[in-house]
Amino acid sequence: MGEFEDSLTGIYVISRSSGENYDRKNETGDFKLTDNELSNIKRMSEYYTNSILLLNVGGVIDTSFIDECPLLDSVVLVSQLGMTTGDAVADIIDGTTTPSGKLTDTWAYSYDDYPTSENFGMENPKYVEGIYVGYRYFDSFNVKPRYEFGYGLSYADFYLKAQKVNVNEKKIKLSVNVENTGNKYSGREVVQVYVSKPQTGILTSYQDLICYEKTAVLRPNAQQKLDFEINTSDLSVFDDELGAYVLVPGTYLLRVGNSSRNTKVVASFKLDEKVILEKVNPLMKPETDPTVFTENKVELENVTDVPRFILKANNFPETEFIQYQEKSDVTTFINDEDPLPGKGLDEVVEQVRNAAGKTLDDVNNGDVELAEFVASLSTKQLVDLVEGQLSTKENSVVGISSDILPGAAGQTGMIDHKGVPALVMADGPAGIRIEPVFERNGQTVTHYATACLLERR
C-alpha cells in the first residue's frame with residue numbers, strides 16, 4: 001500500500017473465466033475467492049477511505065466475502081465488457097453515469113442453494129428442475145437469495161406506483177408512475193411486471209416475469225409514466241395430458257416491482273374455466289420424465305384490497321389446432337434424367353441447361369445461371385458446401401475448426417476446379433476469433449485482430 005499513501009480510494013478487481021461448456025466449480029479460484037483475494041479485499045477496505053470491488057465475471061460467484069469485509073464500501077458487477085470496461089467503470093465511479101443495471105441471474109447465499117449444483121460439470125448432466133429454473137425455483141421453494149433476479153442498486157432512489165389497470169380476455173393494460181425521490185443524482189429505473197398464476201394440477205411457478213421497461217434518465221423529483229400492454233394469452237401454460245397450451249382456471253395476481261423479491265400485487269383477475277388456446281402433437285415427448293421438482297412449495301396470498309376482474313372462458317377464441325407439414329417443400333435443379341435421391345419430399349423438379357465445366361466465376365460473369373451451376377455439382381460437393389469441412393488438426397464440430405485461419409469457428413467446403421472458395425466463419429459473440437500466433441508452411445505467422453478477446457485466465 002506504500003505506493004499509494006495519498007490516495008483516498010482503493011479499487012480491487014476479481015476476474016473469472018466464463019464461457020460455453022463451463023460450469024462453476026465449488027472451489028477457490030472459481031466460485032470461491034482464493035485466500036489471497038480475500039486478504040487483499042480486507043486490507044484494501046481497511047486502508048482506504050473509500051473501497052470499491054469490481055466483479056469482472058460473466059457468471060455468479062460466492063459473495064459471502066461481503067459479510068467478512070464489513071468496511072468494504074461498494075461492489076460493482078461489471079460482467080465482461082472487454083475493451084469498454086475501463087470507460088464504463090470510470091463513468092460510474094466518478095458519478096458521470098448512475099448505474100441502472102439489473103441482475104439476470106440469481107446470486108445465492110451458497111453453492112448448494114442452486115437446485116442443480118450436484119449436476120454441474122457432469123458429462124451428461126441431468127435435467128431435474130423442470131420449469132423451476134432460476135428465480136422461479138428460488139421464489140417457488142422459498143429459498144432466500146443474497147441478490148435476487150432483477151436486483152440492482154442505483155445512486156438514485158425511486159418510488160413506483162401502479163395507476164390505471166384493466167384486464168380482459170384480450171389484453172392486460174397497466175400504467176406505472178416512476179418518481180426519482182432522491183435529491184442529488186439522476187438515474188433510471190427498470191419496472192418489472194410479474195404474474196402469479198393459479199396453482200392447479202399443472203405445474204406453475206410462484207411468479208413469472210411477463211414484461212419490463214426502463215425509464216428515461218430522471219432528474220431528482222422527476223416522474224415518468226410507463227404503459228404496459230400484455231396479451232392475456234401469453235399467460236398460458238403447457239398441459240402435458242392434453243398436449244396443449246392452456247389458461248388454467250382460478251385467480252391470477254398481477255405484480256409490479258423492481259426485482260423478483262420486491263413486488264407488490266396491484267390487481268387480481270379470475271378465470272372461470274380452463275381455456276385451451278393451442279392444441280399440438282406430442283412429437284418429442286420423452287419416454288421418461290427426469291424432473292425432480294414437481295410441486296410449488298409457496299402458496300399464493302389472498303389479496304382483497306386491489307382491483308379485481310372476472311374473465312369468461314367463453315369470450316376467448318376457439319382452440320387453434322396446429323397444422324403440421326407432412327412433407328418438406330423443396331425445388332431441385334437437375335441437368336440430366338438420373339433419378340433423384342431422397343424420400344418424403346414434396347419435390348418440384350426443374351430441368352435446367354447442363355453447365356458442366358463451368359465455374360462460379362462464370363455465374364458472376366453471367367455466362368450461366370446460378371441454378372444451372374448448382375445442378376452441375378455432385379451430391380458429395382453439395383454436402384460439403386452445406387456441412388463444411390473440419391480442420392485437419394482439430395476435428396471439432398463446433399468451436400475451433402479451420403485450416404485457412406487457425407482459431408476461427410469453421411469453414412465451408414472448397415471446390416477448387418469449380419472455383420468455389422471456402423468461407424471462414426466467425427463465432428457470433430466471440431467476434432473475429434483467430435489465433436494470434438500460428439505456423440503456416442513452416443513459417444510463424446503473427447496475426448492480431450482488432451479488439452479481439454481470445455481467452456481470459
Side-chain angles (χ1 to χ4, degrees), residues 20-21 278-284 320-436 438-443 445 447-452 454:
E20 300 171 87
N21 196 33
E278 289 184 345
K279 182 70 174 67
V280 299
N281 293 337
L283 299 178
M284 300 182 67
E320 179 184 357
F321 291 86
I322 302 302
Q323 299 298 317
Y324 293 87
Q325 189 174 349
E326 296 297 333
K327 296 182 179 180
S328 300
D329 293 328
V330 61
T331 299
T332 301
F333 301 103
I334 63 172
N335 55 23
D336 51 40
E337 298 297 331
D338 291 341
L340 296 170
K343 56 185 177 179
L345 300 178
D346 186 5
E347 193 168 32
V348 176
V349 179
E350 184 175 328
Q351 187 85 24
V352 296
R353 183 177 54 149
N354 192 319
K358 298 295 184 180
T359 67
L360 190 59
D361 282 338
D362 294 320
V363 176
N364 185 53
N365 295 331
D367 295 339
V368 295
E369 297 291 333
L370 181 60
E372 296 169 342
F373 178 73
V374 171
S376 73
L377 300 179
S378 68
T379 300
K380 183 180 184 306
Q381 290 169 337
L382 290 170
V383 170
D384 285 342
L385 288 178
V386 174
E387 292 192 347
Q389 293 178 334
L390 294 175
S391 167
T392 56
K393 295 182 179 179
E394 296 191 39
N395 291 322
S396 171
V397 176
V398 294
I400 300 174
S401 185
S402 174
D403 285 328
I404 298 175
L405 187 61
Q411 65 189 51
T412 62
M414 179 189 303
I415 309 176
D416 282 334
H417 69 283
K418 288 285 189 179
V420 179
L423 300 178
V424 177
M425 301 298 174
D427 191 21
I432 307 173
R433 187 178 69 182
I434 61 174
E435 292 181 10
F438 55 87
E439 298 292 327
R440 173 178 288 167
N441 299 326
Q443 300 292 322
V445 179
H447 196 171
Y448 289 100
T450 302
C452 176
L454 298 179

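Of all the heavy atoms in Y324 and N281, the pair that sits closest is OH-N, 3.0 Å. Residue S376 comes nearest to A356 through the heavy atom pair CB-N, 4.3 Å, listed as atom of the first residue, atom of the second, then distance. The two residues A355 and K418 come nearest to each other via the heavy atoms O-NZ, 4.2 Å. Across all their heavy atoms, V352 and A375 have their closest contact at CG2-CB, 3.6 Å. Summarising the geometry of G419 relative to L360, their closest heavy-atom pair is O-CB, 3.6 Å, with the distance given to 0.1 Å.
For the atom pair CZ of F373 and CG of D367, the computed distance is 12.5 Å after rounding to the nearest 0.5 Å. To the nearest 0.5 angstrom, L370 atom CG is 12.5 Å from D362 atom CG.
Partner of V420 under the side-chain contact (heavy atoms from CB on, under 4.5 Å) criterion, out of T359, L377, L385: L385 alone.
Within 6.0 Å of CD in E278 there are more than 12 heavy atoms belonging to other residues, nucleotides or ligands.
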